[in-house]
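For reference, the structure discussed in these notes is given below.
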Amino acid sequence: LYRQMDIGSAKATLAERQGVRHHLLDVLEVTAEASVAQFQQLARTAIAQIQQRERLPIMVGGSSLYVRAVIDPLDFPGTDPAVRAKWTAALAQLGAPALHQILDERDPAAAAQILATNGRRIVRALEVGELTGRPFIAQLPKPESIYSGLTMVGLDIDREVLDQRIDQRVDQMWADGFVAEVSALAGLADSLSASRALGYQQVLAMLSGEISEAEAIAQTKTGTKKFARRQDRMMRKDPRIHWLAFDADDLVDQVLRLLDSD
RNA sequence: GGCAGGUUGCCCGAGUGGCCAAAGGGAGCUGACUGUAAAUCAGCCGUCAUCGACUUCAGAGGUUCGAAUCCUCUACCUGCCA
């Protein structure tokens, strides 16, 4: 999403794009906050435009929530900075368990779904309750897409191989000038979401002297591995995904056959 | 060569006679998940297993009813002296 966050996010280069139009790259300044709701809207708009041109939209990447927000019927109930700030402050003062009690009084169903220690989700549930006056739906929907003719493909890879590749990727990021990229991003440190991005977060900590460069590299590697595992576990639960060996010689043919059959 | 300190489970690190399979953290595995999701949170984490049993705290031996904790020797690491 973010402009100038190229190396750390492994953004496809112009050469790699080979003339194929890529959407939703470079749509945000680093100081802007990213959100699923906005992404959902932007992605669905892009898909509609591609379909109007009678082309096949291909969505690549990412985290399960973002993917599902686009393809499945998720409706996000809105947000309000003031309300959010109020509950965030309450969280800091009272602590998560106390907030959870308040949630339990207002929305027992949501409280039952959210652990009393998970402050972030409690705050959101309270915010939604206050904004909509209705209960907060704290469960993901069934995997039923709003799009027909959807084909989902996952790349299957051994964790050992995955780990090796992540180590390589992070080393490559550093070799490509990742630290300089982060240093040059004005306003990144104070940004709400961009500063939390994997790698960027670690380099910021390094630049402010909290950790050494070796630690920043090591933490970026383990952080990326944990992230990859978490997303893999989530994706595995989606029965629609066809898992294909990442290194199959005929990978493209396999995908094309799936497209024909779905 | 002399003196002093150290060696704990995958890693770091508490533990100085019984309440120790051994605190805590990290890693790892698993799970939850609707506006920060590259986020937030939770469970498991020596082995086998139902209570429970079994093998561990550098190695070997010893003291003791009982040792990761005390003693002896061996190996390796570290600091001061030279």
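Lettering of chains follows the sequences in order, A, B, ..., and the numbering in each one begins at 1.
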Pick the P atom in rC57(B) and in rG52(B), then give their distance to the nearest Å.
-> 24 Å
Between CG of L74(A) and P of rA37(B) the distance, given in whole Å, is 14 Å
Identify the heavy atoms of T220(A) and L198(A) that sit nearest to each other, and give their distance.
-> O-CD2, 4.4 Å
How is F136(A) classified with respect to the nucleic acid when contacts are heavy atoms under 4.0 Å: base, sugar-phosphate, or nothing?
-> sugar-phosphate
Any salt bridge between D167(A) and K225(A), counting N to O under 4.0 Å?
-> yes
Which residue lies toward the 5' end of RNA chain B, G199(A) or Q38(A), if each is placed at its nearest nucleotide?
-> Q38(A)
note: L65(A), atom CG; rU40(B), atom C1'; distance rounded to Å ~ 12 Å
Grab the two heavy atoms, one from D107(A) and one from P135(A), that are nearest each other, plus how far apart they are.
-> OD2-CA, 3.3 Å
What integer number of Å spans the C1' atoms of rG24(B) and rC51(B)?
-> 29 Å
Where the side chain of N118(A) is defined as all heavy atoms beyond and including C-beta, which of rA37(B), rU40(B), rU34(B) is the nearest nucleotide?
-> rU40(B)
Which residues satisfy the side chain to side chain donor-acceptor pair (under 3.5 Å) test with D171(A), sequence neighbours excluded?
-> K221(A)
Within one Ile-Leu-Val-Met-Phe-Trp-Tyr cluster: I146(A) and L140(A), side-chain cutoff 4.5 Å = yes
Nearest-Å distance once atom P is located in both rU55(B) and rC48(B) = 15 Å
Starting at CD of E33(A) and ending at C1' of rA37(B), how long is that distance when rounded to a whole Å?
-> 12 Å
Side chains of residues 26-34 of chain A: which donor-acceptor partners sit under 3.5 Å, not counting sequence neighbours?
unit_1 : atom_1 : unit_2 : atom_2 : d
D26(A) : OD1    : K11(A) : NZ     : 2.5
E29(A) : OE2    : R3(A)  : NH1    : 2.2

For atom P, what is the distance between rA68(B) and rG59(B), given to the nearest Å?
-> 12 Å
Residues touching RNA chain B, which here means a heavy atom under 4.0 Å, drawn from residues 167-187 of chain A = none
Rounded to the nearest Å, what distance is computed from the CG atom of residue L103(A) to the P atom of nucleotide rC41(B)?
-> 17 Å
Integer-rounded Å distance: rC33(B) P and R68(A) CZ = 10 Å
Going 5' to 3' along nucleotides 23-31 of chain B, which nucleotides have protein heavy atoms under 4.0 Å from the base (write B), which only from the sugar-phosphate (write S), and which from neither (write -)?
-> ----SSSBB
Among all residues two or more places apart in sequence or in another chain, which pass the side chain to side chain donor-acceptor pair (under 3.5 Å) test with E16(A)?
-> T13(A)
In chain order, what residues pass the salt bridge (charged side-chain N to carboxylate O under 4.0 Å, His left out) check against D247(A), with sequence neighbours excluded?
-> none
Should S63(A) be listed as having a side-chain N or O under 4.0 Å from OP1 or OP2 of rA38(B)?
-> yes
Closest to the side chain of A37(A), out of rG35(B), rA42(B), rA38(B), is rG35(B)
Complementary nucleotide of rU47(B), counting Watson-Crick and G-U pairs under 3.5 Å | rA53(B)
Residues in side chain to side chain donor-acceptor pair (under 3.5 Å) contact with E210(A), at least two apart in sequence or another chain = S208(A)
Please work out if Q231(A) contacts a base, only the sugar-phosphate, or nothing of the nucleic acid, heavy-atom cut-off 4.0 Å.
-> sugar-phosphate
R124(A) and P77(A): which non-hydrogen atoms are nearest, and at how many Å?
-> NH1-CD, 3.8 Å
R196(A) CZ to rC41(B) P: how many Å, rounded?
-> 11 Å
Taking Q40(A) for its side chain and L74(A) for its backbone only, find out whether a donor-acceptor pair lies under 3.5 Å.
-> yes
Applying salt bridge (charged side-chain N to carboxylate O under 4.0 Å, His left out), which residue pairs with at least one partner in residues 174-191 of chain A are found, sequence neighbours left out?
-> none
Show me the side-chain donor-acceptor pairs of residues 46-60 of chain A shorter than 3.5 Å, one per line, residues at least two apart or across chains.
none

Checking R84(A) side chain against V123(A) main chain: does a donor-acceptor pair fall under 3.5 Å?
-> no
R257(A) bridged to D253(A) by N-O distance under 4.0 Å | no
Which residues in residues 78-86 of chain A have at least one heavy atom lying under 4.0 Å from any atom of RNA chain B?
-> G78(A), T79(A), R84(A)
Any residue of residues 3-11 of chain A with a heavy atom less than 4.0 Å from an atom of RNA chain B = G8(A), S9(A)
What distance, rounded to whole Å, do you find between the two C1' atoms, one in rG26(B) and one in rC19(B)?
-> 28 Å
Using the C1' atom as the reference point in each nucleotide, state the distance between rG28(B) and rG46(B) in Å, no decimals.
-> 15 Å
How many Å lie between CD1 on I122(A) and P on rU34(B), as a whole number?
-> 12 Å
If you look at every strand shown and take non-hydrogen atoms under 4.0 Å, does Y66(A) touch a base, only sugar-phosphate, or nothing?
-> sugar-phosphate
Say you pick atom C1' in rU74(B) and the same atom in rA82(B); how far apart are they, in whole Å?
-> 26 Å
Pairs flagged by ring pair (Phe, Tyr, Trp, His ring centres under 6.0 Å) wherever residues 173-210 of chain A is involved - sequence neighbours left out = W174(A)-F178(A), F178(A)-Y200(A)
When the C1' atoms of rC77(B) and rU8(B) are considered, how many whole Å apart are they?
-> 15 Å
So which nucleotide does rA4(B) pair with, by the Watson-Crick or G-U wobble rule with both distances under 3.5 Å?
-> rU78(B)
Which one is paired to rC70(B), where only Watson-Crick or G-U wobble pairs with both distances under 3.5 angstrom count?
-> rG62(B)
According to the Watson-Crick and G-U wobble definitions, with both distances under 3.5 Å, which nucleotide is paired to rG24(B)?
-> rC12(B)
Euclidean distance, atom CG of residue D238(A) to atom P of rA32(B) [Å, nearest integer] = 13 Å
